[in-house]
Amino acid sequence: MTYVADWTKPGSFSAGRDPLGFQAASVRLYTSLVPGLTNVTNRLRYYSFYCWVVWQFEQIHHTTKEGKWIEFIRRCEAAIALACQIGDAPNALGMAGSDWGRLEAADSSRKTFDLIKPTDRPGEDGQYLKAKYGNFGQFYTASMLEMRLIDNVSDRVYGVTINAGKVLAEAVQEEHPEACSLLLKAVKAGRISRSDCEVISGALHPSYLKPTSEEARLLRVFLQGARADDPTADARRTSLRNLLAVVSDAKGDFNLRRELYVQRGQLEAAPQAENNLTGWRAYFLNEFCHIALEVWLNAIVGLSNRVTEPTSVEELATGLAALAVTDGEASTEDVAAALASKSLGEDHDLGAGLLAVASVKKMPDVAAIASCTKLILSLWHRWREASEVRKALSLATAEGRSAEGIFRFLDLHPHGNARTTVAKLIKKFVVSNHLTIAGQKLATGGRFTYRFTLDDGCLVDGELSEYTYTQPRIENLLTFSYDAGLVDVESGLITAAGAEFLNAA
């Protein structure tokens with residue numbers, strides 16, 4: 001018999017979404033700026049729907065058995081996803097189980113659909129969603145607990161809160177009794193008809209929230225941070241006002257990322273939102289620095305793959321720095337001043353250009369490599385004395401992995417040779433940080449995320465990859481603004497309700 005030691009078992013390969021550890025700082029920043037939702041809590045009406053589901057489970061089953069809850073929530077989610085695909089698929093974007101529902105609904109001759117087979121084997125193929133506790137357990141539970149819409153009854157089983165969750169659930173039930181009854185009937189039977197799907201979609205589709213309904217009013221109360229017992233209210237309210245200020249100023253198409261960084265128009269004259277706007281600026285600074293480092297990561301991998309013999313990290317970093325800094329004699333401070341961008345808009349546009357470079361598996365060209373230097377040094381030159389922005393970055397920084405970490409590093413070498421400084425920066429923030437992060441992922445989760453490894457001080461086995469920005473919750477806050485009728489879906493313009501909230505005292 002052959003025995004294989006357990007430690008020889010290879011880790012499963014994963015591309016690794018944060019190979020330099022910088023996204024963690026971005027996440028900490030936007031979590032504090034838009035609490036109460038996440039990057040994947042992407043339809044406002046899910047909050048009222050899930051309050052209704054939790055409330056119904058409480059009333060019908062009177063149990064804390066986890067298995068019963070899993071069956072109930074998964075069938076509810078599958079039923080609503082299928083119903084909305086049958087009723088109005090184009091406007092059902094962002095609904096969990098939509099891919100499965102779309103395939104099920106494609107055959108228009110089918111009159112009934114099974115809800116048992118696609119929900120009773122969590123984690124397996126062929127399910128509406130693999131997540132054991134459904135979309136609710138994976139993405140909504142933490143937010144709804146944070147906002148005090150639900151409470152823990154036991155581990156993984158929940159109840160609605162009296163002052164917030166129950167009133168939302170009752171509003172759904174009172175305004176749509178037929179659709180609610182049909183959905184519960186389908187969950188109990190484990191099957192649903194096409195005609196019942198059409199009725200359910202007509203009433204509960206996330207895009208059909210009636211602005212004058214009690215459900216809509218209560219959802220706006222949550223969204224606009226008007227509940228005194230909601231600890232997430234203040235920050236979300238301020239971010240929403242800033243978002244609506246951008247929409248109001250733009251009067252049409254706008255780039256939300258760009259506007260929240262540049263901060264002109266109403267944002268420029270919003271002193272009551274100063275801390276929030278400082279936080280958004282810190283977030284984007286971190287994203288800009290991060291994407292520049294990702295371009296350099298692909299560059300150093302590309303250089304290692306081009307050489308015919310093993311090359312030391314020192315040689316590769318020095319070679320990359322020579323491409324990154326054209327002036328081999330000037331100081332870091334002098335190069336930063338010479339390269340400094342002329343405006344905040346130019347900062348953003350340079351970052352957006354580098355994002356396009358980082359998003360393909362390709363060795364960056366020399367112009368892109370040099371643009372990374374321009375972006376990082378420009379940002380340092382512009383923000384090095386901005387104590388509030390740097391304080392916000394510092395609070396989000398762990399082990400120096402953030403734009404603040406880069407700024408601190410550059411603060412220590414203002415008069416040193418710029419090319420040498422950049423070489424050191426590459427070794428520290430690209431090579432060392434990547435090996436540290438990849439090693440931590442392998443040790444804790446068995447995920448092999450190395451973009452390169454080391455052999456006797458030489459960088460080997462490099463692999464190019466694709467990188468992008470993090471997706472801040474502000475994008476979903478914008479979606480919620482459409483859902484709540486604060487921004488018009490068709491025109492993209494702020495509505496009367498949105499303007500009233502924006503201009504409220």
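Salt-bridge check for Glu175 with Lys210: failed, with every basic side-chain N at 4.0 Å or more from each acidic carboxylate O. Salt-bridge check for Asp347 with Arg382: passed, with a basic side-chain N closer than 4.0 Å to an acidic carboxylate O. Salt bridge absent: Asp411 and Arg408 never bring a charged side-chain N and a carboxylate O closer than 4.0 Å. Salt bridge status for Glu388 with Lys391: absent, with no side-chain N to carboxylate O gap under 4.0 Å. Ion pairing of Arg258 with Asp349 is present here, as a side-chain N (NZ or NE/NH1/NH2) and a carboxylate O approach within less than 4.0 Å.
Taking the six-membered ring where the residue is Trp, the centroids of Phe407 and Phe409 are separated by 6.0 Å or more. Between Phe136 and Tyr140, the ring centre distance reaches or exceeds 6.0 Å.
No side-chain donor-acceptor contact under 3.5 Å links Thr436 and Asn433. Side-chain contact of Asp151 with Thr161: a donor-acceptor pair under 3.5 Å is absent, judged by distance alone. Side chain to side chain, Glu215 and Ser48 meet the donor-acceptor criterion of an N or O pair below 3.5 Å. No side-chain N or O of Asp229 forms a donor-acceptor pair with one of Asn163 less than 3.5 Å apart. Side-chain contact check for Thr332 and Thr421: at least one donor-acceptor pair (N or O, by modelled atom type) lies under 3.5 Å. A donor-acceptor contact under 3.5 angstrom links the side chains of Glu77 and Tyr128, judged on distance only.
Listed by chain and residue number, Asp88 satisfy the side-chain hydrogen bond (donor to acceptor under 3.5 Å, both in side chains) test with Asn91 (two or more places apart in sequence, or in another chain). Remark: Arg236 engages Asp230 in a salt bridge (Lys or Arg N to Asp or Glu O under 4.0 Å) (not counting sequence neighbours). With sequence neighbours left out, the salt bridge (Lys or Arg N to Asp or Glu O under 4.0 Å) criterion links Asp249 to no other residue. Taking the salt bridge (Lys or Arg N to Asp or Glu O under 4.0 Å) definition, one finds that Arg257 meets it with nothing, sequence neighbours left out. Residues forming a side-chain contact (heavy atoms from CB on, under 4.5 Å) with Leu93 (at least two apart in sequence, or on another chain): none. Residues satisfying the side-chain contact (heavy atoms from CB on, under 4.5 Å) criterion with Lys427, sequence neighbours excluded, are Val313, Glu314, Ala317. Evaluation of the ring pair (Phe, Tyr, Trp, His ring centres under 6.0 Å) rule for Phe284 yields no partner, not counting sequence neighbours. Listed by chain and number, the residues in a side-chain contact (heavy atoms from CB on, under 4.5 Å) with Leu350 are Ser371, Lys374, Leu375 (sequence neighbours excluded). Every residue meeting the side-chain contact (heavy atoms from CB on, under 4.5 Å) condition with Thr31, not counting sequence neighbours, appears here in chain and number order: Val27, Arg473.
Atom CD of Gln440 is surrounded by more than 12 heavy atoms from other residues, nucleotides or ligands within 6.0 Å. Summarising the local packing, CG of Asp365 is surrounded by more than 12 heavy atoms from other residues, nucleotides or ligands at distances under 6.0 Å.
Not one N or O on the side chain of Asp234 forms a donor-acceptor pair closer than 3.5 Å with the backbone of Thr238. Judged by distance alone, the side chain of Glu259 and the main-chain N or O of Asn255 form no donor-acceptor pair under 3.5 Å. For Arg28 (side chain) and Ala396 (main-chain N/O), a donor-acceptor pair under 3.5 Å exists by modelled atom type. Using a distance-only test at 3.5 Å, with no hydrogens or angles considered, no donor-acceptor pair links the side chain of Glu146 to the main chain of Thr232. Panel note: side chain His348, backbone Val262; no donor-acceptor pair is recorded below 3.5 Å. Between the side chain of Arg227 and the backbone N or O of Met147 there is at least one donor-acceptor pair closer than 3.5 Å.
Interatomic distance, CD1 of Ile150 versus CG of Leu168, reported as 12.0 Å (0.5 Å rounding). Here the CG atom belonging to Leu256 is positioned 5.5 Å from the CD atom belonging to Glu475, to the nearest 0.5 angstrom. The OG atom of Ser465 sits 6.5 Å away from the CD atom of Glu463 when rounded to the nearest 0.5 Å. Taken to the nearest 0.5 Å, the OH atom of Tyr450 stands 10.0 Å off from the CZ atom of Phe452. Summarising the geometry, atom CD belonging to Gln23 is positioned 13.5 Å from atom OG belonging to Ser402; distances are rounded to the nearest 0.5 Å. Note that OG of Ser248 is 5.0 Å distant from CD1 of Ile494, once rounded to the nearest 0.5 Å.
Looking at heavy atoms from C-beta onward, Leu486 lies in side-chain contact with Arg220 at the 4.5 angstrom threshold. Within the 4.5 Å cutoff, the side chain of Asn135 has heavy atoms near those of the Tyr46 side chain. Using a 4.5 Å heavy-atom cutoff, the side chains of Gln85 and Trp100 are not in contact. Side-chain atoms of Leu223 and Leu477, non-hydrogen and from C-beta on, do get closer than 4.5 Å to each other. In this structure the side chain of Ile406 reaches within 4.5 angstrom of the side chain of Leu410, judged on heavy atoms. Counting heavy atoms from C-beta on, the side chains of Trp55 and Val172 never come closer than 4.5 Å.
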Would you list the atom pairs, donor with acceptor, under 3.5 Å between side chains in residues 353-362 and any protein atom, with sequence neighbours excluded?
unit_1 : atom_1 : unit_2 : atom_2 : d
Ser359 : OG     : Leu355 : O      : 3.3
Ser359 : OG     : Ala356 : O      : 2.9

For residues 290-297, which side-chain donor-acceptor pairs fall under 3.5 Å, sequence neighbours excluded?
unit_1 : atom_1 : unit_2 : atom_2 : d
His290 : NE2    : Glu294 : OE2    : 2.5
Trp296 : NE1    : Ile369 : O      : 3.2

Asp488 and Thr495: CA distance, side-chain angles, deciding distance, side-chain hydrogen bond (donor to acceptor under 3.5 Å, both in side chains) verdict: CA-CA 6 Å; Asp488 182 68; Thr495 64; over 6 Å; no
CA sep, side-chain torsions, deciding dist, call: Glu287, Tyr30, side-chain hydrogen bond (donor to acceptor under 3.5 Å, both in side chains): CA-CA 11 Å; Glu287 291 287 276; Tyr30 71 60; over 6 Å; no
Trp380/Leu285 under side-chain contact (heavy atoms from CB on, under 4.5 Å): CA gap, chis, key distance, verdict: CA-CA 10 Å; Trp380 174 61; Leu285 284 173; over 6 Å; no
Verdict with reasoning, Asp18 to Ile437, per side-chain contact (heavy atoms from CB on, under 4.5 Å): CA-CA 8 Å; Asp18 190 13; Ile437 293 298; 5.7 Å; no
Residue pair Thr326, Arg419: steps toward the side-chain hydrogen bond (donor to acceptor under 3.5 Å, both in side chains) verdict: CA-CA 8 Å; Thr326 56; Arg419 188 175 287 176; over 6 Å; no
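Note: Tyr283 and Trp280 have perpendicular aromatic rings, judged against thresholds of 30 and 60 degrees for the angle between ring planes.
Considering every non-hydrogen atom in both Tyr467 and Pro19, the closest pair reads CE2-CG, 3.2 Å.
Residue pairs satisfying the ring pair (Phe, Tyr, Trp, His ring centres under 6.0 Å) criterion with at least one member in residues 216-244, sequence neighbours excluded, are listed as follows: Tyr47-Phe222.
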